[in-house]
Each structure stands twice: as C-alpha cells, then as structure tokens.
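Scroll down for the structure; my scribbles are underneath it.
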Amino acid sequence: MPLQQTVEASPEVLRVKDVWKTYHGGHQAVRGISLTIRRGECLGLVGESGSGKSTLARCLLTLERMDRGEIWLNGRPLHNLKPAELRQARREMQVVFQNPAASFNSKLTILDSLLEPIRAQRKGCPGFLGNPGANERAIAGALLAKVHLPASYLNRYPSELSGGQKQRAAIARAISVEPSLIVLDEPTASLDVSIQARVLNLLKDLQEELGLSYLFISHDLSAVNFMSHRLMVMQYGQMVDHCEGKDLFAVERHSYTKQLLKLFTAN
Ligand code: ADP
Ligand code: MG
C-alpha cells in the first residue's frame, strides 16, 4: 500500500485545537492554530523567521504556557492534566532542536547523553533493536548504529563531534524511548548544505522503518516538501495555507505561500 494511504488510515497521535500564545508585552506569536498528526506521518510547518513556528512547537511540547487551546496526545488532554500526569505524558514527545551543541551537556560523554531519556523513564532496550537483554553500552552502541555512527563515539564528548554527527546523536537519543511524536525544529538549519540532505535522508529512513510521527519545522521549502506528507504555512502566528505534500509547487496557492516560493527559488 502506498505510504500516503497507510498514513491516512493510521490513528491520530496529536490533535492541537485553537492554540493562542501571547508573550509579555502583548506580542501574539501564535493565533488560533489547529492541526493533527497521524502515526507514521510527517507534518511540515513552514514560514519565515518570526512567524511563530518555534513558539507553537514549545506550546505543544508543553514547554511554554499557552493563553488558551487544547492539545491531545494519543487521546489524552495535555491541557487538563495534573503536573505529575503531564510530566509522564510529555515523555511521549521528543524534540530535536536546530543547534545540536545546545542539546548536549558538554560534560557528559555521548554514552551518558544518549542514555539520559532511557534512564529517566526507566525503560530498557527499545523494542526496535530486538535485543531485550542488552546492557546499557550495547543499547547505546546500537542506537548510534541506527544513525550510522560508530560505537567508538560513545566515549567522546560533544565537542569531539562535528555538527552533523551531534545532530545524528540527538536523533538517536530522540528515538531511544520510542516516542509517539518527534518535533524537529529546523534540525538541519545549522548544518553545512552538504550534510543537510544526508540528515534529512536519515530522518526519512528512520520514519519509514520505525513508523515515527514528525512535526517537521523549517523555513526551507524544499526540505519541508521532501520530508512531509502534508504542509502547513504560518504567517504572523496564523495558518494561512495547508496542502498535501506534492501540491506545494504544483497548484494555485495562497499569496503568501507563493511569495515564500518566489523568495525561495530566488536564493
Ligand atoms: P519562528 O520559530 O517561526 O522563527 P518564533 O516562534 O521563534 O518564530 O517567534 C515568533 C515571534 O515571537 C517573534 O516575533 C519572536 O520575536 C517572538 N518571541 C519568541 N520567543 C519570545 C519570547 N521568549 N519572549 C518574547 N517574544 C518572543
Ligand atoms: Mg524557530
């Protein structure tokens, strides 16, 4: 069955309904956004810098308090949970940020960084590695292998890895707890152009292999188009356009989307 059909038939992982976020000083960064993501689906979120993409991501990761709105994860209302329940529920979401250096503690080896979520959640070997009895080092090594890094990197510190390698390690850590959703906030924006495509291919391969659900945020239209089953376009905190992946370049679009496309193809 084609992937698109499989995704349409799969259960809803995330439902976001009418989310609003105002910062101190009155700036409305997110204005009435609603979206859904199904299991195995990649929803692309595109928009210029400052359009509210990261704010929306932080709201749905519950890292930011929203003014109002509803966030349902696997049918559970995150906006209504008590703090202890929320702590547990938010573990079902992982995030990969733009700057891989900031997502690692410089004093921890890659081994300890990789194992942080597994230890925090008292989880064992992820099911997809197929080795339930594996010890911590074997688990971490197998996770690195999933992102095409050698096990010898386990003893290294983040400063001893390139940007692309750190981002691969961040992806290995994100998948380690088999999350329901991974938010990718400009995951390749800080990498050399030659490395970007390889990291995108890795993310896509992992998604197909493990049935992952992604919210993929980028201002790079071709990256979003490559990755996503569906796209949303944000401008000034609002969703101004949405389409199926292949339609972005093909059909009549919202004037802002066209403007983005023009900007993008001019670069
Ligand atoms: P994007 O990720 O699309 O670049 P952001 O969500 O980072 O957009 O920012 C949306 C708007 O909110 C911008 O105008 C930005 O300056 C503002 N903003 C972001 N974070 C904060 C904050 N912590 N306090 C106040 N304003 C913020
Ligand atoms: Mg951002």
Side-chain angles (χ1 to χ4, degrees), residues 14 16-37 42-71 78-79 90 93-104 163-164 166-167 170-171 174 179 181-193 195-196 199-200 203 213-228 230-243 245 248 253-264 266-267:
L14 183 78
V16 170
K17 210 171 143 196
D18 199 25
V19 166
W20 292 74
K21 170 68 190 177
T22 310
Y23 284 114
H24 295 300
H27 178 68
Q28 283 188 321
V30 175
R31 301 190 290 158
I33 295 280
S34 300
L35 58 88
T36 56
I37 301 178
C42 178
L43 176 68
L45 177 56
V46 69
E48 281 174 291
S49 178
S51 56
K53 306 181 299 296
S54 294
T55 304
L56 173 64
R58 288 199 302 271
C59 287
L60 66 88
L61 289 161
T62 69
L63 299 173
E64 193 91 70
R65 186 187 290 271
M66 50 192 184
D67 310 343
R68 62 187 164 95
E70 296 178 4
I71 296 169
L78 301 191
H79 50 283
R90 78 155 53 114
M93 298 183 281
Q94 292 287 308
V95 56
V96 176
F97 290 111
Q98 172 173 347
N99 181 356
S103 42
F104 286 98
K166 274 197 276 268
Q167 207 56 312
I171 293 164
L181 177 72
I182 302 181
V183 174
L184 304 157
D185 191 354
E186 310 257 11
T188 58
S190 68
L191 306 179
D192 288 349
V193 174
I195 310 286
Q196 288 181 5
V199 171
L200 292 180
L203 285 166
S213 307
Y214 291 154
L215 176 64
F216 180 79
I217 300 174
S218 179
H219 61 267
D220 178 343
L221 285 176
S222 71
V224 172
N225 202 45
F226 171 71
M227 289 294 297
S228 311
R230 285 184 299 123
L231 309 179
M232 271 179 48
V233 181
M234 265 181 94
Q235 182 189 30
Y236 306 133
Q238 288 180 306
M239 180 167 64
V240 294
D241 202 1
H242 56 96
C243 61
L248 177 67
R253 301 256 47 102
H254 185 276
S255 59
Y256 177 66
T257 314
K258 282 197 246 170
Q259 207 178 308
L260 278 181
L261 280 169
K262 219 182 269 172
L263 271 177
F264 180 69
N267 283 331

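Each ligand, and each atom within it, is numbered from 1 in the order the structure gives. Basis for what follows: all heavy atoms, side chains included, without hydrogens, waters or symmetry-related copies.
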Side chains of [X] and [Y], heavy atoms from C-beta outward: is any pair under 4.5 Å?
X: Ile171; Y: Leu203; value: yes
X: Leu200; Y: Met227; value: yes
X: Ile33; Y: Met232; value: yes
X: Met66; Y: Val30; value: no
X: Leu14; Y: Leu35; value: yes
X: Thr55; Y: Met234; value: no

Total protein N, O or S atoms, the Mg ion (ligand 2), separation less than 2.8 Å = 1

With the threshold set at 4.0 Å, does a side-chain nitrogen-carboxylate oxygen contact exist between Asp185 and Lys53?
-> no

Contact table ligand 1 N or O to protein N or O, d under 3.5 Å:
from     : atom 1 : to    : atom 2 : distance (Å)
ligand 1 : 2 (O)  : Ser54 : N      : 2.9
ligand 1 : 2 (O)  : Ser54 : OG     : 2.9
ligand 1 : 3 (O)  : Ser51 : N      : 3.2
ligand 1 : 3 (O)  : Ser51 : OG     : 3.4
ligand 1 : 3 (O)  : Gly52 : N      : 3.1
ligand 1 : 3 (O)  : Lys53 : N      : 3.0
ligand 1 : 3 (O)  : Lys53 : NZ     : 2.8
ligand 1 : 4 (O)  : Gly50 : N      : 2.7
ligand 1 : 6 (O)  : Thr55 : N      : 2.9
ligand 1 : 6 (O)  : Thr55 : OG1    : 2.5
ligand 1 : 8 (O)  : Gly52 : N      : 3.2
ligand 1 : 14 (O) : His27 : NE2    : 3.2
ligand 1 : 20 (N) : Tyr23 : OH     : 3.3

Can you sort out the partners of Ser190 under side chain to side chain donor-acceptor pair (under 3.5 Å), two or more places apart, ordered by chain and number?
->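 Scan of Ser190 (side chain to side chain donor-acceptor pair (under 3.5 Å), adjacent residues dropped) gives none.
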
List for me each residue that meets salt bridge (charged side-chain N to carboxylate O under 4.0 Å, His left out) alongside Arg58, sequence neighbours excluded, and say none if there are none.
->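 With neighbours one apart ignored, the set is Glu64.
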
